[in-house]
Amino acid sequence: MTRSRIAGMGHFVPDRVVTNGELSQHMETSDEWIHQRSGIRERRWVDGNVGASELAEPAARSALAEAERTPADVDLILFATLSPDLNFPGSGCLLGARLGIPGIAAMDIRTQCTGFLYSLATADAMVRSGMAKCVLVIGSEVHSSGLDISTRGRDVSVLFGDGAGAAVVVASDDTSMLLDHELHADGRYAEILMVEVPASRLQPRLTKEMMDEGRHYPKMDGKAVFKHAVEKLPALVHSILGRNGYTLDDVAVLVPHQANMRINELVARNLGFPPERVVHNIQKYGNTTAASIPIALHEAVLEGRIRKGDLVLLAGLGAGLTWGASLVRW
Ligand code: UT7
């Protein structure tokens with residue numbers, strides 16, 4: 001049976017570094033609070049009008065170069081984002097135009113922090129079924145234009161950063177392959193992390209009053225999300241490893257979604273997994289949602305922390321709720 005592999009990766013973050021100290025000039029917060037609660041020291045924010053597809057382009061081009069492919073080889077774009085350039089059409093279409101590949105299928109995947117994992121699973125299925133040969137998988141977010149940068153929004157706005165990651169998925173011709181994916185969603189918890197408006201379920205979708213109330217900014221019950229993450233992620237890790245006949249001892253590196261350093265430390269501790277084999281980069285970038293796993297994975301590869309033959313586990317949880325994991329033989 002045809003299997004698929006990641007042939008190359010790329011990532012891109014904006015140049016503008018926003019430190020916790022800079023945020024404390026706009027709201028009542030402090031480096032100490034942000035770092036202690038989340039692990040974040042700084043994040044990257046775009047300067048001016050830059051959308052998710054613009055951030056994705058350099059990440060995509062790097063991934064294609066690393067995979068020794070060109071845009072002309074791509075036959076499907078999967079674009080994971082919760083911050084699309086426009087409400088519609090999707091950012092995948094816009095990225096296709098940027099890459100100069102008209103006519104190539106493109107779809108957006110709207111599963112927030114697990115968007116890259118849902119996209120990777122979809123890419124794997126498309127290649128394995130023969131429906132696609134070279135899938136460009138993107139996770140890209142511009143959060144900064146949608147945050148309430150004031151004391152009212154401080155619980156959320158200090159956490160999020162902008163960035164993009166990309167992977168090129170093709171048929172595997174050796175031992176490197178995507179082994180398995182486990183994906184979940186539970187919409188009963190949709191309201192613990194959401195942007196409420198504009199909303200098709202409201203008429204009108206957006207009013208000045210709604211904006212005055214800040215209902216167009218993300219709202220999060222942080223403690224509830226935290227609890228779901230530390231409960232669901234260890235169970236998910238055991239499940240995907242168990243059904244593939246592996247144990248934690250076989251896993252070289254765990255690349256978790258970068259939502260909160262404390263979540264990832266607790267998950268590793270609950271699993272009994274060595275902390276030095278967990279990848280963290282939240283201190284530099286904050287939470288970049290769909291971009292966080294591909295950025296962290298690519299950095300770990302570039303740093304030599306992941307080598308050919310390693311068993312790599314990717315896992316995350318976020319708005320939806322959605323949660324998922326992918327098991328990769330590098
Ligand atoms: O990828 C998406 C998934 N998201 C997550 O996984 C996030 C999960 N949750 C978390 O990471 C944590 O819940 C947070 C980091 C968001 C918050 O940490 P916490 O320990 O749960 O703090 P809290 O929300 O209970 O807030 C504690 C206090 C409150 O003040 P009072 O009520 O105790 O007086 C907040 O108003 O901290 C206050 N606070 C802040 N203070 C300074 C909230 N945000 C800030 C801030 N700076 N930025």
Side-chain angles (χ1 to χ4, degrees), residues 18-43 80-83 109-118 139-144 146-163 165 184-187 189-195 214 217-234 236 255-268 270 278 280-283 285-296 314-325:
V18 178
T19 62
N20 293 344
E22 184 178 336
L23 291 184
S24 68
Q25 293 163 18
H26 301 283
M27 62 187 81
E28 286 171 31
T29 192
S30 64
D31 178 53
E32 191 194 2
W33 191 96
I34 299 170
H35 186 251
Q36 211 172 61
R37 305 278 172 147
S38 70
I40 300 166
R41 288 282 188 204
E42 59 189 39
R43 72 287 293 139
T81 188
L82 64 66
S83 52
I109 295 202
R110 299 288 301 273
T111 53
Q112 301 65 248
C113 305
T114 51
F116 183 77
L117 300 176
Y118 271 73
S140 180
E141 305 284 5
V142 176
H143 283 294
S144 54
L147 297 172
D148 183 356
I149 304 168
S150 72
T151 299
R152 180 179 67 177
R154 66 182 179 173
D155 60 322
V156 172
S157 55
V158 301
L159 301 176
F160 290 96
D162 303 338
H184 299 276
D186 189 342
Y189 301 107
E191 300 200 351
I192 66 175
L193 180 49
M194 68 167 179
V195 174
Y217 292 125
K219 291 284 171 315
M220 178 169 72
D221 177 346
K223 284 199 189 313
V225 180
F226 196 104
K227 194 162 170 283
H228 280 289
V230 295
E231 281 173 9
K232 291 188 165 61
L233 291 175
L236 175 64
V255 184
H257 168 49
Q258 307 289 307
N260 185 319
M261 180 96 84
R262 285 191 300 142
I263 291 179
N264 293 343
E265 287 171 348
L266 264 175
V267 167
N270 290 350
V278 183
H280 300 284
N281 65 7
I282 193 169
Q283 61 281 6
Y285 303 133
N287 181 350
T288 58
T289 325
S292 98
I293 289 178
I295 294 175
L314 317 176
L317 175 141
L321 286 179
T322 60
W323 62 106

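Numbering of ligands and ligand atoms starts at 1, following listing order.
Using modelled atom types, one side-chain atom of Q258 and one backbone atom of N281 make a donor-acceptor pair closer than 3.5 Å. The backbone N or O of W33 sits less than 3.5 Å from a side-chain atom of S30, completing a donor-acceptor pair. With T81 contributing its side chain and S140 its backbone, the two residues share a donor-acceptor pair below 3.5 Å. Counting only distance, with no hydrogens or angles, the side chain of R43 and the backbone of N287 share no donor-acceptor pair below 3.5 Å. Formation of a donor-acceptor pair under 3.5 Å by the K219 side chain with backbone atoms of E191 is not found in this model.
Near ligand 1, E28, T29, W33, R37, C113, R154, D155, V158, L159, L193, M220, G222, K223, V225, F226, H257, A259, N260, R262, I263, N287 each place a heavy atom less than 4.0 angstrom from the ligand.
With T111 as the fixed residue, the side-chain contact (heavy atoms from CB on, under 4.5 Å) test singles out one of T322, T289, L82: T322.
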